[in-house]
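One structure is given here, and the rest of the page talks about it.
Quantities reported herein were computed from a predicted structural model and do not represent experimental measurements.
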Amino acid sequence: MYLDYNASTPVCPEALRAFAEASVFCGNPSSVHRDGQDARHRLDQAREGLAMMWKVAPQDLIFTSGATEANNLAVKGIARERAKAGKRHLLIGAAEHPSVMDAALVLRADGFEIELLPLNSDGQVLAAELAARIRPETALVAIMAANNETGVIQPLTEISQICADRGVPLHVDWVQGLGKLPVDLKGCASASFSAHKVYGPKGIGVLFLTRRTRLAALTHGGPQENNLRAGTESPELAAAMLAAVRVAEDRRAADSSRYQKLKQIFLAELKARAADWSLN
């Protein structure tokens, strides 16, 4: 029995079908001929579909190879751009995914100071600690929506308000929240998503980036994705991601109800078998 859905999920039939249908558009989306423009149209359809579900503008979505690339692009890109104004201090949640944590630590070699935000006994970032640790030179705050190992959900509404009040961009790793929580990107300067966590294929993700948020590109060699992510895009993977996210959203309420029933069964069994445990 496969239970490791936080690591990766099976690909749903809808995503496979969307991939196959988009595969007939063999042109490069950057080409000006008809085949290329047909591929561009399919890519734009996927971008617009995701933007509509998440209530953002299509031009605020950047397709990437997955959440690891999206997190690296956001953390390194925003930090390096804001360093031009002397801002070299980053606040990172102490339990972030390695693709956020390691991306931040790499910046130490460029002279950035990385400060970890402590967590309370429930694994949540303390809003008061965040407010106290933000400085005039803080370039970025990075805090995930939901933890991939513990399931802890962070108080993003409170966190985003603090960041907004202090004029500091907030990056949110939304990977484990997608399909489980209503996506709310208000207050986020950037946010990352991955298809293979929600019944989509591996190799495709999205970075949400508000138009007022500037970042330095990590890859160069083409004007794709608003000049922020060079390289030929895949309409097939983008279409499959849209189909998968739609399936995850359609299933969210029913899955949540089923998870609650499974949770109660698990906790009852745990209570019967183990004496020393706590639930966060």
Side-chain angles (χ1 to χ4, degrees), residues 60-119 123-127 129-149 154 156 159-160 162-177 185 187-194 205-221 224-231:
D60 291 345
L61 300 183
I62 299 165
F63 284 115
T64 67
S65 63
T68 292
E69 183 187 353
N71 283 331
N72 272 263
L73 180 55
V75 173
K76 294 176 183 175
I78 293 174
R80 288 170 177 165
E81 185 67 24
R82 285 174 61 80
K84 297 174 184 177
K87 299 181 183 295
R88 291 180 168 272
H89 173 243
L90 274 68
L91 285 168
I92 309 295
E96 293 302 300
H97 188 272
S99 61
V100 169
M101 189 71 74
D102 291 353
L105 294 176
V106 164
L107 292 169
R108 278 182 172 167
D110 295 337
F112 286 86
E113 179 187 355
I114 312 303
E115 184 175 1
L116 298 184
L117 288 162
L119 310 177
Q124 292 182 317
V125 169
L126 298 162
E129 287 284 348
L130 171 61
R133 292 169 187 250
I134 290 178
R135 312 175 192 166
E137 63 270 24
T138 300
L140 179 70
V141 172
I143 298 172
M144 59 172 44
N147 191 278
N148 54 301
E149 295 185 6
Q154 296 295 338
L156 289 181
I159 288 168
S160 63
I162 292 169
C163 291
D165 291 344
R166 303 291 288 275
V168 178
L170 170 66
H171 172 67
V172 178
D173 179 341
W174 251 100
V175 172
Q176 296 297 343
L185 298 177
C188 299
S190 58
S192 55
F193 300 90
S194 185
V206 165
L207 175 65
F208 163 74
L209 184 74
T210 63
R211 275 159 286 177
R212 65 178 179 276
T213 304
R214 299 284 179 258
L215 61 74
L218 302 185
T219 57
H220 304 87
Q224 293 90 349
E225 301 303 302
N226 297 337
N227 289 295
L228 295 176
R229 199 260 185 180

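Ile62 is not listed as a side-chain neighbour of Val206, based on a closest heavy-atom distance of 4.5 Å or more. Two residues are said to be in side-chain contact when any heavy atoms from C-beta on lie closer than 4.5 Å; Leu107 and Lys76 meet this criterion. Side-chain atoms of Asn72 and Val100, non-hydrogen and from C-beta on, never get closer than 4.5 Å to each other. Looking at Ile134 and Ile162, their side chains come closer than 4.5 Å, going by heavy atoms from C-beta outward. Side chains of Leu156 and Val172 form a contact here, defined as non-hydrogen atoms less than 4.5 Å apart.
Considering only residues two or more places apart in sequence or on other chains, Leu73 meets the side chain to side chain contact (heavy atoms under 4.5 Å, CB included) condition with Leu207, Leu215, Leu218. Every side chain to side chain contact (heavy atoms under 4.5 Å, CB included) that Glu81 has, sequence neighbours left out, goes to Lys84, Arg214, Ala216. Ala189 pairs by the side chain to side chain contact (heavy atoms under 4.5 Å, CB included) definition with Pro169, Thr213, not counting sequence neighbours. In terms of the side-chain hydrogen bond (donor to acceptor under 3.5 Å, both in side chains) criterion, Arg82 has no residue partners (sequence neighbours excluded). With sequence neighbours excluded, no residue forms a side-chain hydrogen bond (donor to acceptor under 3.5 Å, both in side chains) with Arg212. With sequence neighbours excluded, the residues forming a salt bridge (Lys or Arg N to Asp or Glu O under 4.0 Å) with Asp110 are Arg80, listed by chain and number. By the salt bridge (Lys or Arg N to Asp or Glu O under 4.0 Å) test, Glu113 pairs with Arg135, sequence neighbours left out. Listed by chain and number, the residues in a salt bridge (Lys or Arg N to Asp or Glu O under 4.0 Å) with Arg88 amount to none (sequence neighbours excluded). Residues passing the salt bridge (Lys or Arg N to Asp or Glu O under 4.0 Å) test with Arg133 are Glu115, Glu129, sequence neighbours excluded. Checked against side-chain hydrogen bond (donor to acceptor under 3.5 Å, both in side chains), Thr64 has no partners two or more places apart in sequence or in another chain. Evaluation of the side-chain hydrogen bond (donor to acceptor under 3.5 Å, both in side chains) rule for Ser160 yields no partner, not counting sequence neighbours.
Sorted by first then second residue, the salt bridge (Lys or Arg N to Asp or Glu O under 4.0 Å) pairs that include residues 164-174, not counting sequence neighbours, number zero.
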Would you sort out whether Leu116 and Glu96 count as a side chain to side chain contact (heavy atoms under 4.5 Å, CB included), showing the intermediate values? CA-CA 10 Å; Leu116 298 184; Glu96 293 302 300; over 6 Å; no
Worked check of side chain to side chain contact (heavy atoms under 4.5 Å, CB included) between His171 and Asn71: CA-CA 8 Å; His171 172 67; Asn71 283 331; 2.8 Å; yes
Is there a side chain to side chain contact (heavy atoms under 4.5 Å, CB included) between Asp60 and Leu209 once you walk through the steps? CA-CA 5 Å; Asp60 291 345; Leu209 184 74; 5.9 Å; no
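When each of Thr138, Val168, Ile143, Leu140 is paired with Leu91, the side chain to side chain contact (heavy atoms under 4.5 Å, CB included) condition holds for Thr138 and for no other.
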